[in-house]
Amino acid sequence: MTLEITSLGVRTSSGRELLRDISWSVPTGGRLGIIGESGSGKSLTAQAILGLLPRGMDVTGSVQLDGEEMLGRSEKSLRQLRGRRIAMVFQEPLTALDPLMPVGRQIQGPLHLHTELRGAAARKRMSQLLEQVALRDHERILRSYPWELSGGQRQRVALAMALACEPDVLIADEPTTALDVTLQDEILTLLADLIERSGVTLVFVSHDLPVVARVADDLVVMRDGEVVETGSAREVLTIPTSDYARRLVESARSVTALPTLGDPTADEEETP
């Protein structure tokens, strides 16, 4: 399912401009990465798409999900879309999950809202979801509270919740930032595998360029509430056109290895 953002803008009630003329699109089954430093507007863009901005924010422009406008909808209408057609994995699962509610009840929430699964059928679906995210001690996980689980387990639970109703679009907002390097690698591998098998359209938000480069086909680079560069991951990583994107790539290469994607300007060899 295509997600298209056109001239998206966000202002506070005092008139302060937080996002300016944000435009990009991701096709059905595509993988878009949004990269930029803290405060660049990445997460704010994700929240605006889902109608999760605080009250008092003035949002302009257009957000279309497969040609259907999302901006201006009532909260009731948006609740019917969230989780069913478009879902989100948040940065910190310990705060995204309710600490006073067992994990099973939280995964069950979107199933009850968007499907007719109840009782044993819902339980079976929850076990399937936990299996998909590599959590195999189903009964213990489902009766546990979030604070009884590790960071990696909580992030897997958050991912299971987001995928519960098989959404067409998944927005992952810094889903590995709170994890150590080993767990980060596990979650990224798991996410890439799930996306590959489900065919869901992915929007991956992060300040970490090497992380985004692992999962994204195309990149949007943001700074100070604006888009400063767009292009394929190969183009941005090898021949960035903006000074800011160039500095991001150089900085990332100085501390870690970026994927080698080849030279996008090189001509393909003709087959004899």
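Small disclaimer: the values here were computed from a predicted structure and weren't measured. The basis for the numbers below is simple: all heavy atoms, side chains too, and nothing from hydrogens, waters or symmetry mates.
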With a 4.5 Å cut-off on side-chain heavy-atom distances among I, L, V, M, F, W and Y, is there a chain of contacts connecting L159 to V205? no
Roughly how far, to the nearest 0.5 Å, is the CZ atom of F204 from the CG atom of L191? 6.5 Å
Listed by chain and number, what are the side-chain contact (heavy atoms from CB on, under 4.5 Å) partners of P102, not counting sequence neighbours? R105, Y145
How far apart are the closest heavy atoms of A164 and P110, and which atoms are they? CB-CG, 4.2 Å
Spell out, as yes or no, whether a donor-acceptor pair under 3.5 Å connects the side chain of K42 to the backbone of G36. yes
Tell me, please, which residues at least two apart from R143 pass salt bridge (Lys or Arg N to Asp or Glu O under 4.0 Å). none
Just so I know, are the side chains of L219 and T230 near enough to count as touching, which here means a heavy-atom distance under 4.5 Å? no
All side chain to side chain donor-acceptor pair (under 3.5 Å) counterparts of R31, not counting sequence neighbours: E196
N/O donor-acceptor pair under 3.5 Å between R73 side chain and E69 backbone: yes
Would L52 and L97 show up in the same hydrophobic cluster when neighbours are defined by side-chain heavy atoms closer than 4.5 Å? no
Beyond-backbone contact of R223 with I35, side-chain heavy atoms, under 4.5 angstrom: no
Taken to the nearest 0.5 Å, the spacing of L19 CG from T45 OG1 works out to 4.5 Å
When you compare the side chain of Q64 with that of T6, does any pair of heavy atoms fall below 4.5 Å? no
Determine whether a donor-acceptor pair (N or O, by modelled atom type, separation under 3.5 Å) exists between the side chain of R82 and the backbone of G51. yes
Counting distance only, does the side-chain N/O of R118 pair as donor-acceptor with the main-chain N or O of T115 below 3.5 Å? yes
Distance-minimising heavy-atom pair for A96 and F90: CB-CB, 4.0 Å
Tightest non-hydrogen contact, residues V249 and P240, listed as CG2-CG, 4.3 Å
Main-chain N/O of E37 paired to S40 side chain as donor or acceptor, under 3.5 Å: yes
If you group Ile, Leu, Val, Met, Phe, Trp and Tyr by side-chain heavy-atom gaps below 4.5 Å, do V203 and I22 land in one group? yes
Test item: E229 side-chain N/O and S242 main-chain N/O as donor-acceptor pair under 3.5 Å: yes
Given the rule in the side-chain contact (heavy atoms from CB on, under 4.5 Å) test, do V89 and D173 qualify, once you have shown the distances and angles that lead to the verdict? CA-CA 6 Å; V89 180; D173 184 12; over 6 Å; no
Going through the distances and angles, do L202 and L32 end up as a side-chain contact (heavy atoms from CB on, under 4.5 Å)? CA-CA 6 Å; L202 174 67; L32 178 72; over 6 Å; no
Rounded to the nearest 0.5 Å, what separates atom OG in S62 from atom CG in L71? 6.5 Å
Side-chain contact, heavy-atom cut-off 4.5 Å: T201 with L170? no
Under a single-linkage definition using a 4.5 Å side-chain heavy-atom cutoff for Ile, Leu, Val, Met, Phe, Trp and Tyr, are L163 and V26 assigned to the same hydrophobic cluster? no
Answer yes or no: is there an ion pair linking D243 with R247, defined by an N-O contact shorter than 4.0 Å? no
Intermediate values then yes/no, side-chain contact (heavy atoms from CB on, under 4.5 Å), V212 and I34: CA-CA 8 Å; V212 176; I34 303 179; over 6 Å; no
If you round to the nearest 0.5 Å, how far is CD1 of I86 from CE of M70? 5.0 Å
Is any side-chain heavy atom of R16 closer than 4.5 Å to a side-chain heavy atom of V10? no
To check you understand the geometry: which heavy-atom pair defines the closest contact between A162 and A87, and what is its length? O-CB, 3.3 Å
Nearest heavy-atom contact between G33 and A216 is N-CB, 3.5 Å
Sorted by chain and number, sequence neighbours left out, side chain to side chain donor-acceptor pair (under 3.5 Å) with S14 holds for T12
Applying salt bridge (charged side-chain N to carboxylate O under 4.0 Å, His left out), run through R85 and E68 and close with a yes or a no. CA-CA 11 Å; R85 295 182 62 192; E68 189 175 342; 2.8 Å; yes
Interatomic distance, H114 atom NE2 to E166 atom CD [nearest 0.5 angstrom]: 13.0 Å
Run the side chain to side chain donor-acceptor pair (under 3.5 Å) check on S7 and D21 step by step: do they pass? CA-CA 4 Å; S7 300; D21 196 26; 3.2 Å; yes
With side chains defined as the heavy atoms from C-beta onward, is the minimum distance between T189 and R214 less than 4.5 Å? yes
Any donor and acceptor pair, going by atom type alone, linking the side chain of E4 with main-chain N or O of W24 inside 3.5 Å? no
Do M222 and L209 sit in one hydrophobic cluster, given that two such residues count as connected whenever their side-chain heavy atoms are within less than 4.5 Å of each other, even indirectly? no
What do the steps show when you test R11 against M57 for side-chain contact (heavy atoms from CB on, under 4.5 Å), and what is the final call? CA-CA 6 Å; R11 290 177 181 268; M57 297 285 191; over 6 Å; no
Find out whether R123 and L142 are in side-chain contact, i.e. whether some heavy atom of one side chain is under 4.5 Å from a heavy atom of the other. yes
What's the spacing between Q153 CD and L130 CG if we round to 0.5 Å? 10.5 Å
Any heavy-atom pair between the side chains of Q106 and D98 that's under 4.5 Å? yes
Selection residues 148-162 - residue pairs positive for salt bridge (Lys or Arg N to Asp or Glu O under 4.0 Å), sequence neighbours left out: R156-E186
For M1 against D168, the heavy-atom pair lying closest together: CE-OD2, 3.2 Å
S23: side chain to side chain donor-acceptor pair (under 3.5 Å) partners, not counting sequence neighbours: none
